[in-house]
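For ligands, and for the atoms within them, numbers begin at 1 and follow the listed sequence.
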Amino acid sequence: MNTATNDKDYSPPISEVPCPILLVEDNIINQKATLLLLEKIGLQADVVCNGMEALDAVKQRKFSLILMDCYMPMMDGFEATVAIREHEIEAGTYTPIIAVTALAMSGDRERCISAGMDDYISKPIDFKVFQAKLNYWLNTNLELQQQKTSRRPLRSHSHLMLVENSPVDLAELRNSYNNDEINELLQVFLKCARSTIAKIESQLRERNPVCVSKLAHELRAACLCVRHKQLSQLSLYLEMAGGQEDWLEAYETVRSMLLAVGEFDAFLNTNFAPGGRIKGQ
Ligand code: MN
């Protein structure tokens with residue numbers, strides 16, 4: 001019938017994004033945190049762990065937008081952007097690139113723009129800011145998929161109780177995630193923190209200052225993502241102690257970290273049921 005005409009005039013519904021997003025991020029917690037936010041607004045994403053893989057991915061298919069971490073092994077976000085832009089000049093394409101940067105590094109923003117990125121967003125990512133940036137660069141109007149993601153709100157008394165006893169800043173996490181998402185994120189964080197600390201302990205036994213500092217830095221990035229201030233502070237101490245080969249201080253710090261992780265585990269067990277629901281609801 002008049003399918004041809006319809007096809008020609010067809011423009012996708014406003015919240016439909018034709019190609020996936022490419023998420024370039026080496027830290028597992030940050031990957032998880034960003035994927036949860038993308039899922040919330042119904043966006044598909046491909047995930048790669050460094051700039052090299054990002055460049056390969058861009059050569060293979062089209063993406064609506066690239067979320068680019070700045071610091072990664074093999075090839076960082078700045079180098080990757082330069083390489084992607086070079087490839088795009090030849091291919092005659094253009095993909096918006098949003099840098100995802102840690103707050104601490106203020107000079108990074110200028111570096112991002114001069115490398116060829118279009119915009120930047122601070123870590124840890126705030127959902128509202130994220131949504132606004134995506135809407136702008138995807139030239140669309142992405143709405144939170146209410147039906148899929150809305151969950152029963154917390155009862156007010158348990159809300160207060162949780163915030164008071166929480167080792168992570170739950171109030172801040174709730175700006176971006178619902179309870180199920182927070183639970184998922186925190187469970188992944190617990191596993192990740194445990195395995196990173198185990199690696200740190202083995203590098204401590206080897207007296208390897210570079211690896212201890214690097215692992216402590218990695219752990220700190222994960223702590224910042226879930227807003228665990230105490231563990232983030234301890235990671236910073238450990239990073240410094242490792243760098244200075246102050247092994248006594250390093251061991252002491254790891255002991256405190258293990259205690260903090262134990263407390264965090266207990267907190268999760270007390271407040272979150274394994275299925276992802278808040279206990280008592
Ligand atoms: Mn990174």
Side-chain angles (χ1 to χ4, degrees), residues 21-38 45-58 63 65-85 95-127 129-130 133-134 168 173 176 185-186 188-197 199-200 203 210-229 231-236 238-240 242-243:
I21 306 290
L22 179 64
L23 172 61
V24 192
E25 169 67 65
D26 64 317
N27 186 292
I28 292 169
I29 301 298
N30 282 323
Q31 275 180 13
K32 183 74 195 165
T34 312
L35 284 175
L36 280 172
L37 296 182
L38 287 169
D46 285 4
V47 186
V48 293
C49 300
N50 63 59
M52 211 83 103
E53 290 175 5
L55 182 59
D56 284 346
V58 166
F63 294 96
L65 181 141
I66 301 171
L67 293 168
M68 183 75 83
D69 180 27
C70 290
Y71 296 96
M72 293 172 291
M74 309 277 287
M75 185 193 267
D76 68 26
F78 308 107
E79 294 172 282
T81 302
V82 171
I84 289 170
R85 291 299 180 231
T95 320
I97 302 179
I98 303 183
V100 187
T101 68
L103 268 174
M105 326 221 175
S106 57
D108 283 355
R109 298 186 168 179
E110 292 69 38
R111 263 186 93 190
C112 293
I113 302 301
S114 64
M117 301 193 213
D118 299 283
D119 203 348
Y120 44 76
I121 183 164
S122 297
K123 271 183 196 168
I125 298 175
D126 175 84
F127 183 55
V129 177
F130 188 60
K133 299 254 183 200
L134 288 180
V168 292
L173 281 171
S176 298
L185 196 58
L186 295 185
V188 176
F189 171 74
L190 177 64
K191 246 193 235 163
C192 206
R194 281 235 162 89
S195 86
T196 309
I197 292 173
K199 282 185 209 158
I200 289 171
Q203 291 304 323
V210 178
C211 284
V212 168
S213 295
K214 204 178 141 270
L215 287 164
H217 188 86
E218 223 172 83
L219 183 59
R220 183 158 177 260
C223 295
L224 289 173
C225 183
V226 298
R227 286 80 161 173
H228 196 311
K229 294 206 171 86
L231 265 175
S232 145
Q233 194 66 50
L234 288 169
S235 307
L236 186 60
L238 182 62
E239 192 182 338
M240 293 191 294

Atom name, D26 (N, O or S, nearest to the Mn ion (ligand 1)): OD1
E218 vs K199, salt bridge (Lys or Arg N to Asp or Glu O under 4.0 Å): CA-CA, chis, key distance, verdict: CA-CA 11 Å; E218 223 172 83; K199 282 185 209 158; 5.2 Å; no
Candidate pair D126 and R227, rule salt bridge (Lys or Arg N to Asp or Glu O under 4.0 Å), full reasoning: CA-CA 12 Å; D126 175 84; R227 286 80 161 173; 6.0 Å; no
Residue of the set I66, L67, N30 for which side chain to side chain contact (heavy atoms under 4.5 Å, CB included) holds with L23: L67
From CA spacing to verdict: side chain to side chain contact (heavy atoms under 4.5 Å, CB included), R109, S122: CA-CA 10 Å; R109 298 186 168 179; S122 297; 2.6 Å; yes
The Mn ion (ligand 1) to D69: nearest N/O/S atom name: OD2
N30 backbone or side-chain N/O/S under 2.8 Å from the Mn ion (ligand 1): no
